[in-house]
Every structure is written in C-alpha cells, then in structure tokens.
Colleague: 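Dropping a structure here in structure tokens format, bear with me for questions.
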Amino acid sequence: MGTLTFYEPNQRINHLMAAFNLTPSNSTIFILAGIPGLEAAHVWMSLPFFTFYIICLLGNFMVLFVVGKEQTLHKPMYLLICMLALTDIGMSTSVVPKALLIFWFNLKGITMDGCLTQLFFLHAIAVMHSAILVTMAFDRYIAICDPLRYATILTNARIAKIGLVGLTRAVLFILPEPLFLRKLPFCASHIVPHTYCTHMTVAKMSCGDITVNRTYSSVTAFVVIGLDLTLIALSYGLIVRAILRISSKKAHLKALKTCTAHICVMVMSYTPSLFSTLTQRFGQDIAPHVHIILANFYFFIPPMLNPIIYGVKTKELRDKVGKYTCRM
C-alpha cells in the first residue's frame, strides 16, 4: 500500500470498504493520518513510542506483581498505586499500539465502532486517572493531618469502594460522547489528523450540528478537571497548614517527604494535558504536528515515569522491587 495522501481520501476509503466488504450505508471508515507533515519520519517516530511503551508496561506490571505478591504492601496507599498503574497501562494501550500500526505498516483505517470504542476508553481512563490522583491527595492529607485515625478512615475496603465510585463517574461522564457521535452524519472528509480518535476531533469532521458535542465536552472538562484540581489544592492547602504548625524542622521534612511522590506524579499527569489543551486553544501559530506530538506525550510519558517515581521515592516499595529484581 502506498503512502496515504490528503488528495485521494475518497478513493482510499472506498478501497478500504471493499476490502472489509463494507458499504457507506452501513459503516464509516475513518483514516488516522498519524502525524501530518511528518509522514516521512513515521518509522523514526515509532522508536520512542515503542521504547516508552515497553518501559511503561514493564514498570507498571512490576508494581502490580510486587504489590500483589507482598502481603506487607496490601495497604491503602499501595492499592492506590496499583489503581494508578492499571490506568497507566490502559491509557497508553488505548493509543500506542494503533499508532505503531500506522507508523510501521501504514494501517490507518479504523471503523466507526473502533473509533468510538477507542475514544470512550481513552477519555474514561483519563477521568478515572484523575479521580485516583484526588484520592491519593486525600490519602496524604489523612496520613499527615490525622495519622492516628488513618487506619480506621482509609481501609482497603473503603479504597476499593472509592475506586468503584471513580469508575462509575468515569463511565457516566464519558458514555454520552460516543452516543452523541453516533447520531452525527459524516458526509465529506473521513481523515482524522491524529494518531488516535478523540471526541471533538471526530465531531469536527461531521457535516451536522455539533453544538451539543462542544457544550458537553467543555462542561465535562470543566467539571472533572476543575473539581479534581480544586479538591487536590484543598487537600494540599490543609497539609501545608498542618506542616507549618509543626515546630520541628525534621518533622517538616518527614511530612513533605511523604507527599513528594504524589506531587511528582500529579505534576507529570496534569502538566502535559493542560499544556496540550492551552497550545490547541491559543497556539494557532504552532505547527499541527507539534500539537499532535504534545498530545501523545500525555499517553506515554506519565505512564512510563509514574512507576519509576514511586519506585524511587517509596522506600518500602523500592526495597521489595529490588528484592524481586535481584532474583531474576
């Protein structure tokens, strides 16, 4: 198959439909363009994608394995780290394998159902990821501000219930997006100028009215990210107030040390997403491929670094990982 150009989309779409025995009346085939403007460098671009993805899988599966094997790590904080690892694996797996197929084999076609499934899992896992970061901030608040009641307030069963609530919230917020897209007509271009499908990227290709899509996307982003960041800021505001009341400098450092890993993970998780959003809204002079590369960073840089951060900053976990690594 030759390299896809933007000047023959209809011919390629018809060819893909014929190959899959589909017709325009019963299915829509989208073309994921990859990184427009850098098609010649797709093979080279695949190298960091593949490398970071493998490191992400190895790191996060190692965390899951060690916490699962060690009874001493069956504590609320480590259960939250495992939840974070699962969302990291899910988020990167929703994007990177398809991107590698585009880079390596030029397999750019994706059905409507495949596109909607990808964007649903992508957005739902991101919302779940944010909920886990909020819970981690609350965990650190209880550990520092009310340590004597930590074991009774945050039990393993309660963490599991909080995780279930976070999952339910993610599904309820994101499920309407593919349902809205399913009702839209797609008449002209079927080329998605990206490596993966997102709600608004797909909606903008419709020839119908996407006011509902725009409104719902904006409200969801404001409610989820706004609420979660507010709760995190509130937790850390109370933590800082509690630390300032401690007279001992040694106690100051100890309290801050317990928050270091979570602060690093939080910065790594929110910064690429917020930066990408801001550049898309206000960086009109930035080349499109830069937007796409920045957006992709969110799906493999934090998932790759999170297990490393917790492995380095959390002594108990670091020791257990070292124990199993030395056996290999």
Colleague: Are side-chain heavy atoms of Leu57 and Ile89 found at a separation under 4.5 Å?
Modeller: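 Touching, per the 4.5 Å side-chain cut-off.
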Colleague: Quick check: do Cys56 and Ser92 have side-chain heavy atoms less than 4.5 Å from each other?
Modeller: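 SC-SC contact between Cys56 and Ser92 confirmed.
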Colleague: Looking only at heavy atoms, what is the nearest atom pair of Ile292 and Pro36, with distance?
Modeller: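 Smallest interatomic distance, heavy atoms only, reads CD1-CD, 3.3 Å.
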Colleague: Going only through I, L, V, M, F, W and Y residues with side-chain contacts under 4.5 Å, is there a path from Ile153 to Val165?
Modeller: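 In one cluster with Ile153: Val165, no.
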Colleague: Atom CZ of Arg214 and atom OG1 of Thr211: how far apart are they, to the nearest 0.5 Å?
Modeller: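 Rounded to the nearest 0.5 Å, the CZ-OG1 separation comes out at 7.5 Å.
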Colleague: What distance do Leu100 atom CG and Tyr53 atom OH have between them, rounded to the nearest 0.5 Å?
Modeller: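 Reported value, rounded in 0.5 Å steps: 8.5 Å.
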Colleague: In the structure I gave you, are the side-chain heavy atoms of Asn306 and Val63 within less than 4.5 Å of one another anywhere?
Modeller: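 No, their side chains stay 4.5 Å or more apart.
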Colleague: State whether Lys315 and Asp319 are salt-bridged, where the test is any N-O pair (Lys NZ or Arg NE/NH1/NH2 against Asp/Glu carboxylate O) under 4.0 Å.
Modeller: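 Yes.
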Colleague: Just verifying a value: how many Å separate Met45 CE and Asn296 CG, rounded to the nearest 0.5 Å?
Modeller: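 Met45 atom CE to Asn296 atom CG measures 7.5 Å (nearest 0.5 Å).
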Colleague: Can Leu305 be reached from Val312 by stepping across I, L, V, M, F, W or Y side chains whose heavy atoms are under 4.5 Å apart?
Modeller: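 Hydrophobic grouping puts Val312 with Leu305.
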Colleague: Quick one, Met91 with Tyr298, criterion side chain to side chain contact (heavy atoms under 4.5 Å, CB included). Give me CA distance, side-chain angles, the key distance, then yes/no.
Modeller: CA-CA 9 Å; Met91 197 150 49; Tyr298 174 68; 3.9 Å; yes
Colleague: For Val95, does its backbone N or O pair with a side-chain atom of Gln118 as donor and acceptor, under 3.5 Å?
Modeller: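 Absent.
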Colleague: Below 4.5 Å, heavy atoms only, C-beta onward: do Ser130 and Ile225 meet side chain to side chain?
Modeller: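 Ser130 vs Ile225: side chains apart.
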Colleague: State yes or no: do Leu172 and Ile174 share one hydrophobic cluster built from I, L, V, M, F, W and Y residues joined by side-chain heavy-atom distances below 4.5 Å, directly or via other members?
Modeller: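 No.
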Colleague: Report yes or no: does Ser206 contribute a side-chain atom to a donor-acceptor pair with the main-chain N or O of Pro185 at less than 3.5 Å?
Modeller: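 Yes, the answer is positive, given that a donor and an acceptor are paired below the 3.5 Å cut-off.
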Colleague: Indicate if Val240 and Leu229 have the same hydrophobic cluster label, given that clusters are the connected sets of ILVMFWY residues with side-chain heavy-atom separations under 4.5 angstrom.
Modeller: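 Val240 and Leu229: separate clusters.
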Colleague: Quick one, Thr198 with His123, criterion side chain to side chain contact (heavy atoms under 4.5 Å, CB included). Give me CA distance, side-chain angles, the key distance, then yes/no.
Modeller: CA-CA 8 Å; Thr198 66; His123 295 324; 4.0 Å; yes
Colleague: Are side-chain heavy atoms of Phe299 and Leu122 found at a separation under 4.5 Å?
Modeller: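 The answer is yes; the side chains approach within 4.5 Å.
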Colleague: Between Phe50 and Phe103, is the gap from one ring center to the other below 6.0 Å?
Modeller: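 So the answer is no for these two rings.
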Colleague: Looking only at side-chain N and O atoms, does Tyr150 offer a donor or acceptor that is under 3.5 Å from a partner on Asp139?
Modeller: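 Yes.
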Colleague: For residues Met205 and Ile191, report the shortest heavy-atom separation together with the two atoms involved.
Modeller: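 Minimum heavy-atom separation between Met205 and Ile191: SD-O, 3.1 Å.
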Colleague: Around atom CZ of Phe120, are there more than 12 heavy atoms from other residues, nucleotides or ligands closer than 6.0 Å?
Modeller: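 Count over threshold, so yes.
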Colleague: Please test Ile232 against Leu133 for side chain to side chain contact (heavy atoms under 4.5 Å, CB included), starting from the C-alpha separation and ending with a verdict.
Modeller: CA-CA 8 Å; Ile232 290 171; Leu133 292 178; 4.3 Å; yes
Colleague: Would you mind telling me which of His262, Met83, Met266, Met77 makes a side-chain contact (heavy atoms from CB on, under 4.5 Å) with Met136?
Modeller: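 By the side-chain contact (heavy atoms from CB on, under 4.5 Å) criterion, Met136 pairs with just one of His262, Met83, Met266, Met77: His262.
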Colleague: Considering all heavy atoms of both residues, which atom of Arg318 and which atom of Gly311 are nearest to each other, and what is their separation?
Modeller: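 Where Arg318 meets Gly311 most closely, the heavy atoms are CB-O, 2.8 Å.
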Colleague: With a 4.5 Å cut-off on side-chain heavy atoms, are Asp88 and His129 touching?
Modeller: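 Touching, per the 4.5 Å side-chain cut-off.
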Colleague: Which distance, rounded to the nearest 0.5 Å, do you find between the CG of Asn213 and the OG of Ser218?
Modeller: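 So the CG of Asn213 and the OG of Ser218 are separated by 10.5 Å.
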Colleague: Among Ile81, Thr135, Asn156, Thr155, which residue meets the side-chain contact (heavy atoms from CB on, under 4.5 Å) test with Pro76?
Modeller: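 Exactly one pass, corresponding to Asn156.
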Colleague: Could you state the interatomic distance from CG (Leu116) to CG (Leu179), rounded to the nearest 0.5 Å?
Modeller: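 Nearest 0.5 Å value for the CG-CG distance: 9.0 Å.
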Colleague: Do Phe121 and Thr93 have side-chain heavy atoms sitting under 4.5 Å apart?
Modeller: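 SC-SC contact between Phe121 and Thr93 ruled out.
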Colleague: Measure from the side-chain N and O atoms of Lys98 to the backbone N and O of Leu107, and report whether any donor-acceptor pair falls under 3.5 Å.
Modeller: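 The answer is yes, because a donor-acceptor pair under 3.5 Å joins these two groups.
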Colleague: Mind checking the CZ-OG1 spacing from Arg158 to Thr152? Nearest 0.5 Å is all I need.
Modeller: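 Rounded to the nearest 0.5 Å, the CZ-OG1 separation comes out at 8.0 Å.
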Colleague: Which atoms form the tightest heavy-atom contact between Val67 and Leu73, and what is the distance?
Modeller: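 Here Val67 and Leu73 meet closest at CG1-O, 3.8 Å.
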Colleague: Taking Ser217's backbone N and O only, do any of them form a donor-acceptor pair with His199's side chain (distance below 3.5 Å, no angle check)?
Modeller: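 A pair under 3.5 Å: no.
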Colleague: Any chance the side chains of Tyr78 and Glu70 put a donor and an acceptor closer than 3.5 Å?
Modeller: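 No, because no side-chain N or O of Tyr78 sits under 3.5 Å from a partner of the opposite role on Glu70.
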Colleague: Is it true that a side-chain atom of Tyr216 and a backbone atom of Phe173 form a donor plus acceptor pair closer than 3.5 Å?
Modeller: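 Flag set: sc Tyr216 to bb Phe173 pair under 3.5 Å.
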Colleague: Work out which heavy atom in Val321 is nearest to a heavy atom in Met62; give both atom names and the distance.
Modeller: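 Taking every non-hydrogen atom into account, CG1-CG, 4.1 Å.
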Colleague: Checking side-chain contact (heavy atoms from CB on, under 4.5 Å) between Ile35 and each of His194, His289, His291, which is the one that passes?
Modeller: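 Between Ile35 and the candidates, side-chain contact (heavy atoms from CB on, under 4.5 Å) is satisfied uniquely by His289.
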Colleague: So, the side chain of Asn60 versus the backbone of Pro303: is there a donor-acceptor pair under 3.5 Å, distance only?
Modeller: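 Pair found, side chain donor or acceptor close to backbone of Pro303.
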Colleague: Could you check Ile29 against His190 for side chain to side chain contact (heavy atoms under 4.5 Å, CB included), going step by step and ending with a plain yes or no?
Modeller: CA-CA 7 Å; Ile29 296 291; His190 292 75; over 6 Å; no
Colleague: If you look at every heavy atom in Ile31 and Gly109, which pair is closest and at what distance?
Modeller: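 Answer, listing the atom of Ile31 first, then Gly109: CD1-CA, 4.1 Å.
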Colleague: Do Val192 and Phe105 belong together in a cluster built from hydrophobic side chains that touch within less than 4.5 Å?
Modeller: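 In one cluster: yes.
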Colleague: Side chains of Asp113 and Thr111: donor-acceptor distance under 3.5 Å anywhere?
Modeller: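 Distance-only check fails for Asp113 and Thr111.
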Colleague: Going by atom types only, do Thr201 and Tyr196 share a side-chain donor-acceptor pair under 3.5 Å?
Modeller: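 The criterion, which ignores hydrogens and geometry beyond distance, is not satisfied for Tyr196 and Thr201.
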Colleague: Kindly indicate whether the side chain of Pro48, heavy atoms from C-beta on, has any atom under 4.5 Å from the side chain of Phe300.
Modeller: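 Not touching, per the 4.5 Å side-chain cut-off.
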